[in-house]
Amino acid sequence: MKFTFVTLFQNIVEGYFQDSILKRAIQKEILHVAYINPRDYSSSKHNKVDDSAVGGGAGMVMNPQPLFDTLNELKVKDKDVHVIFLTPVAKPFKQNDAKRLANKPHIAFVSGRYEGIDERVIEKYADEVFSIGDYILTGGELASLVICDAISRNVDGVLGNSDSLSVESFETQLLEAPSFSKPENYENNSVPSEYLKGNHSKIRSLKLALSECKTKFFRPEQLLKHRTRKSYEK
Ligand code: SAM
């Protein structure tokens, strides 16, 4: 699977792929990462990529020409590339988006900077737009990395043990039960004793109960969805 980052700040993005799971996936050629800088496509004298907002308003906006030319060329090279724009005004990115998008052969992330991107670029080129949450970042690079990481974990071969995907939070409406590692007792804090007894059916029911408690505390609306779904299934 290929990811292309359309960004003015390649350095910010590159570092993330220099360690751990995604680095290995690139070495194994499961993932491929490319970068395009819209500044290289600017036709202005000083390679400008932004201008003041038409109609007034604070700050600068990324202007259409460099991005039109960048994305035109990207589409000519690969007409099937799936273009995602990062913007705080879009729908929030979710785990089921990560799973769905893991089947795409090529995704391009377009990161805004300044006060954002001229809307005409988004209207012409976006296959999808995503926000990663209700807050404002200085640029779309972190948001694209968040989404790229979440998608990559769902690409075959990226995780050493893909079984871990099926029990994670957001696979169902419930959050994952608390996890513990060794030693079983650390500074007088023991893991739940049931976890130590080896009765797998009891461990499963305890995990489900803990999972429901966590969901009730942190995400009550998710627990409600879970219970509604269960009652439909009966
Ligand atoms: N003026 C914009 C607004 O109020 O909606 C915010 C622009 S923000 C400073 C610059 C860029 O950061 C955006 O174009 C977008 O690419 C990215 N960005 C900021 N917050 C984001 C979020 N929550 N999710 C996704 N992208 C975000």
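Order of listing sets the numbers, starting from 1, for every ligand and every atom in it.
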Check: Does anything in residues 77-88 pair up under salt bridge (charged side-chain N to carboxylate O under 4.0 Å, His left out), and if so which pairs, sequence neighbours excluded?
Finding: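 Pairs touching residues 77-88 that pass the test: E73-K77.
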Only distances under 3.5 Å count here; give the side-chain donor-acceptor pairs of residues 196-209 to other protein atoms, sequence neighbours excluded, each with its distance to 0.1 Å.
| residue | atom | partner | partner atom | Å |
| --- | --- | --- | --- | --- |
| N199 | OD1 | S201 | N | 3.2 |
| N199 | OD1 | K202 | N | 3.2 |
| S205 | OG | S201 | O | 3.0 |

Checklist line | Atom-level proximity to ligand 1, residues with heavy atom under 4.0 Å | finding: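 Correct list: L86, T87, P88, V89, G112, Y114, E115, G116, F130, S131, I132, G133, Y135, I136, L137, T138, G139, G140, A143.
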Check: Using a side-chain heavy atom cutoff under 4.5 Å and only I, L, V, M, F, W and Y, what cluster partners does F170 have?
Finding: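 F170 clusters with L175, F217, F218.
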Notebook entry, point to check: Does a side chain donor of either H106 or T4 reach within less than 3.5 Å of an acceptor in the other side chain?
Noted result: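 Note: H106 and T4 side chains meet the donor-acceptor criterion.
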Check: Is it the case that Y125 and N72 place a side-chain donor and acceptor less than 3.5 Å from each other?
Finding: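 There is such a pair (donor and acceptor under 3.5 Å, judged by atom type) between the side chains of Y125 and N72.
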Notebook entry, point to check: Should R229 and E233 count as an ion pair when the cut-off is N to O under 4.0 Å?
Noted result: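 Answer for the salt bridge query: yes.
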